[in-house]
Amino acid sequence: MSAPLASDVPLLRAEGLTRSFTGRGGLFRRSRPVVAVRGVNVTLQRGEALGVVGESGCGKSTLGRLLLHLMPPTEGRVLFEGEDLATLSGAARRGLRRRMQMVFQDPYGSLDPRRSIGAQIADGLLIHGLADAAGAERQAAALLRQVGLEASHATRLPHEFSGGQRQRIAIARALATKPDFIVADEPVSALDVSIQAQIVNLLADLRQELGLALLFISHDLHVVRHLCDRVMVMYLGRVVEEGPASAIFHSPSHPYTRALLAATPSMHHRAKVAPLPGEVPSVANPPSGCVFRTRCPAARPACAEAMPPLETHPNRPERQIACWRAAEIEP
Amino acid sequence: MRRDKLRRLALPASLLGAILLLALAAPVLPLGNPVSQDINHRLAGISAGHWLGQDEYGRDVLTRLIWGARVSLSVAVSATVIATIVGTLLGILGGYFRGMVEIGTVRMAEIVLCFPPMLLALLVVTLLGPGAGTLIFTLAILFTPTFARVAYAETLSVRALDYVTAQEALGARSGRILLRTLLPNIAPPLIVQFSLTIAAAMLLESGLSFLGLGVVPPDPSWGLMIRGARTTMEQAPLLLLWPCLALTGTVLVLNLFCDRLRNALDPGTGGRSRPGFLRRLAVLAGAAEQPAAVPGLLAVRKLTLEVQGPTGPVPVVRDVNITVAPGETLAVVGESGSGKTLTGLAVMGLLPAAVRVTAGQILYTGRDGRTRDLLRLPERALRALRGRDLSMVFQDPASSLNPLLRIDAHLGEALRAHGQRQGIAARVVELLRNVGLPDPESRARSYPHELSGGQRQRVMIAAAIANHPRLLLADEPTTALDVTVQAQILDLLAGLKRSEEGMGMVFVTHNLAVVAEIADRVAVMYAGEVVEEGPVAEVFAAPRHPYTAALIASTPEGDAERLTSIPGRVPQAWAMPEGCRFAPRCEHARAICDQSAPALESPAPGRTTRCLRWKELA
Ligand SMILES: Nc1ncnc2c1ncn2[C@@H]1O[C@H](COP(=O)(O)OP(=O)(O)O)[C@@H](O)[C@H]1O
Ligand code: SF4
Ligand code: SF4
Ligand SMILES: [Mg+2]
């Protein structure tokens, strides 16, 4: 059952993705469901890099896992080359996993501490029957060299490596099955600046060499801009702005994107605007109307009535924005 | 390290082997019949034919001890092995699949726990009749739920780890994940449980046999021997000693073996956790009173700190000089492991126990104008300064607040420790208001977990400024926070510098952009040394050390298509390059850089660098 390979079918398409978690409230009371991601649409072409930016708890990681179907969505669906991941049989979905992979944030938690890194890199090849044991070993060695480590490292255990090196190992593991699509969930957040640059450059090179599509999750707009073509800005489970990465970086439209950029400290100038007041509200109890209105400097009473939909920006056709006042703010 | 652990396993393994061998070899050993009686010599003492004496029926005690080991050990081991396998299976399935499977496995097993063990044993014995087989069955049922629970809890926590998700993302089948990934990683606590259970099973076997519910006389078992010896305790107390010794000895050997086995299986992930407690080891020799130092608040001179490495002491901070003037903010930047935090802790006199000060001075000029060397100040005098003149804010606000104490208790403590007695409640609210906590009156009465990360950091800052410190040390205070909250905290600290007149600040961070935001001067640390120091604007505009330049270039700002990265990584403390420590990663390194360690030079007034080639490169 091969998918239609017409060029107009994007590699990955997600429609109306919503995911809620019901807390274990105890025996007799059910706690309120937490809606971590609400009504998100994603389209990703082959070889495209999409950045997802937002503060902790805004649903970035949940979105990444939904796209890989590591957890089922509460509503909506994910189509990989036009095929709905939820309706595939377990075996067919496991087969598709060869083509989509993940790199995690914590380089200490994402590798099994008890198995050699060579064996972990070879896992995917063996699981999908892409190589025999000897072949997998050879390919693991080659992958280690590709990510800038030495083939002789294959027999060592993860704890013998630094954070940056572990992240390279995790990337090698993700590349082993020659995937078309990789979700990288804050892969550089736990690393030092100089090492962070190494990993960002490595991902950029690999993307070019292998034509990978990338979903790059980060809380740092600067990093995203270096790596991604497009960017999605999330707040409290919603996408509030989406468009070309460098355009949004140079002139953000949504009040939240603006505040996020202004709050990111810069080596070249000190902050000129007062920081955003207050804190992100709890996902379990979001504000009525626009999710950002409790902290938005441009909020009006009307903003409390309904959540603005994500629509094409009235004055900037290449980007989408969820703000009632988009046209007034940027005439 | 691994081999060392295996060597430590050798002793308990051979002891255990000897015990097992003795039990197994009982039929071929030159022993008598364990049940043949000799009533004439009942309770006879030690003799040539009977090394441990004879029991109440005149049977040879040594023979019965060895034959009894067969019964006792085989009952305990078989019961525990069965319980381990069944319990682990139930627990791992329940923990991995959750839902209905969990109810069918772990919860079912837990029902057994509702029965008192003796009652259960009586029930089974009544149904099946006494004997070794019944005993094994009973003990296995009794111990299975414990294994199920341990395996279940461990599976739940390991399952949430990214490397298990990574296996799912690779498309591995559940069976493969359970066997290859989960089982090895939940094994250590199960091994501990195994050793505890074998010991418990041996004791319970003795107990049940003692009550007549287990092994049937005249077959020997340690439990029966204890039972028999008890009735004649007054005449022959030694008879009680032998089986008890055998029992405790075996249990001890087993525990030791399992403990070392668990150690040997540990991949050695150590080194990630920070040293648990901080204390000040020794005060350096010499006079604490010093002539006034130049900048008027803090001058650290030639500070060197050492830890014990694999082959002797290694310096982790070497020859560090930093100064802070009143009202000034000094940022200390560098990658993780460069010695930033240790330098800060040394000023507070709060170094981890493993770290030793070997040389240097930390000159602090107090409110009274006297200058004292904190490294030579007695602990009592330093304690009076800590929390009053010198205070500190840590990276992780969650772990620096006691979860059981309310916010006002934390702040009140800080005030009371330095002599304030009256108006504490009012001052607490005032402090919380100063650090921008919304609704300070009710916040003062909440517990740490009721606050967000940013709010907890505000509370930590409130505690730090409670006694109007002269010097505030902030160690990565915004690293764990979101950008918009980080901006708020930086704003707060900048405001405090204006309101707390003359307060100096040392701000430790790895983020150059944060340095530009908050600091007047910056000290760049690399591999335990300060490699460059100077006013922030000057250093960032024209760095005089290649490491500073490389750090600036690798910060993802500006429009460059590609980030500049620094190749390689920070060398380990015990494998420092001989010459310049940055040489292996420096793009400007020449042969000379490998030979001599660069000395501090001053490229401009108020600036220093530790590079041999700064003049050529400028
Ligand atoms: N397994 C889970 N159970 C309950 N709540 C969850 C779970 N995973 C995430 N959440 C909640 O969903 C929200 C979004 O989380 P996440 O996607 O991890 O955000 P991000 O990656 O942007 O930090 C958070 O409030 C988080 O607490
Ligand atoms: S809709 Fe209103 S509150 Fe929401 S971002 Fe726009 S202006 Fe702000
Ligand atoms: S001394 Fe040599 S190796 Fe060291 S920083 Fe200067 S140029 Fe580079
Ligand atoms: Mg996340």
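Bear in mind the structure is a predicted one, so any value in this text is a computation, not a measurement. Each chain gets a letter, A, B and so on, in the order the sequences are listed, and its residues count up from 1.
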So which of [options] has the biggest tally of heavy-atom pairs under 4.5 Å with chain B?
options	value
D112(A), T264(A), L111(A)	D112(A)
A170(A), A263(A), A176(A)	A263(A)
I127(A), N201(A), L221(A), L276(A)	N201(A)
I195(A), D205(A), V223(A)	D205(A)

Region of [X] in contact with chain A, defined by heavy-atom distances below 4.5 Å:
X	result
D491(B)	side chain
Q455(B)	both
T564(B)	backbone
R585(B)	side chain
R180(B)	both
I518(B)	backbone

A cation-pi test, strictly: NZ or CZ of [X] under 6.0 Å from the centre of the six-membered ring of [Y] and no more than 45 degrees from its axis. Yes or no?
X	Y	answer
R166(A)	F161(A)	no
R107(B)	Y152(B)	yes
R99(A)	F80(A)	no

Counting heavy-atom pairs closer than 4.5 Å to chain A, which one of [options] comes out on top?
options	result
G171(B), G436(B), A166(B), A487(B)	G171(B)
V570(B), T181(B), I566(B)	I566(B)
N185(B), V485(B), V515(B), V514(B)	N185(B)

Identify which part of [X] has an atom lying under 4.5 Å from any heavy atom of chain B, answering side chain, backbone, both or neither.
X	result
L68(A)	neither
P277(A)	backbone
H69(A)	neither
Q101(A)	side chain

(request) Kindly write out the residues that satisfy ring-ring contact (aromatic ring centres under 6.0 Å, His included) with F104(A), not counting sequence neighbours, or none if the list is empty. (result)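 Applying ring-ring contact (aromatic ring centres under 6.0 Å, His included) to F104(A) gives none.
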(message) Using the rule side-chain hydrogen bond (donor to acceptor under 3.5 Å, both in side chains), only one of R115(A), H128(A), R173(A) pairs with D123(A); which is it?
(response) R115(A)
(message) Tell me which one of S61(A), S218(A), S110(A) satisfies side-chain hydrogen bond (donor to acceptor under 3.5 Å, both in side chains) with D185(A).
(response)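 Single side-chain hydrogen bond (donor to acceptor under 3.5 Å, both in side chains) partner of D185(A) among S61(A), S218(A), S110(A): S61(A).
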(message) Run the salt bridge (charged side-chain N to carboxylate O under 4.0 Å, His left out) test against E538(B) and tell me which residues pass, sequence neighbours left out.
(response)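 E538(B): no salt bridge (charged side-chain N to carboxylate O under 4.0 Å, His left out) contacts found.
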(request) Might you point out which heavy atoms bring D162(B) and R65(A) nearest each other, and give the distance in Å? (result)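 Distance-wise, the nearest heavy atoms are OD1-NH2, 3.5 Å.
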(request) Output yes when K340(B) and D192(A) qualify as a salt bridge under the 4.0 Å nitrogen-oxygen rule, no when they do not. (result) no
(message) Less than 4.0 angstrom from a charged side-chain N to a carboxylate O is my criterion; do K60(A) and E186(A) meet it?
(response)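 Salt bridge between K60(A) and E186(A), a charged N being under 4.0 Å from a carboxylate O: yes.
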(message) Would you say CZ of R173(B) has more than 12 non-hydrogen atoms from neighbouring residues, nucleotides or ligands within 6.0 angstrom?
(response)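 Check fails, neighbour count at 12 or below.
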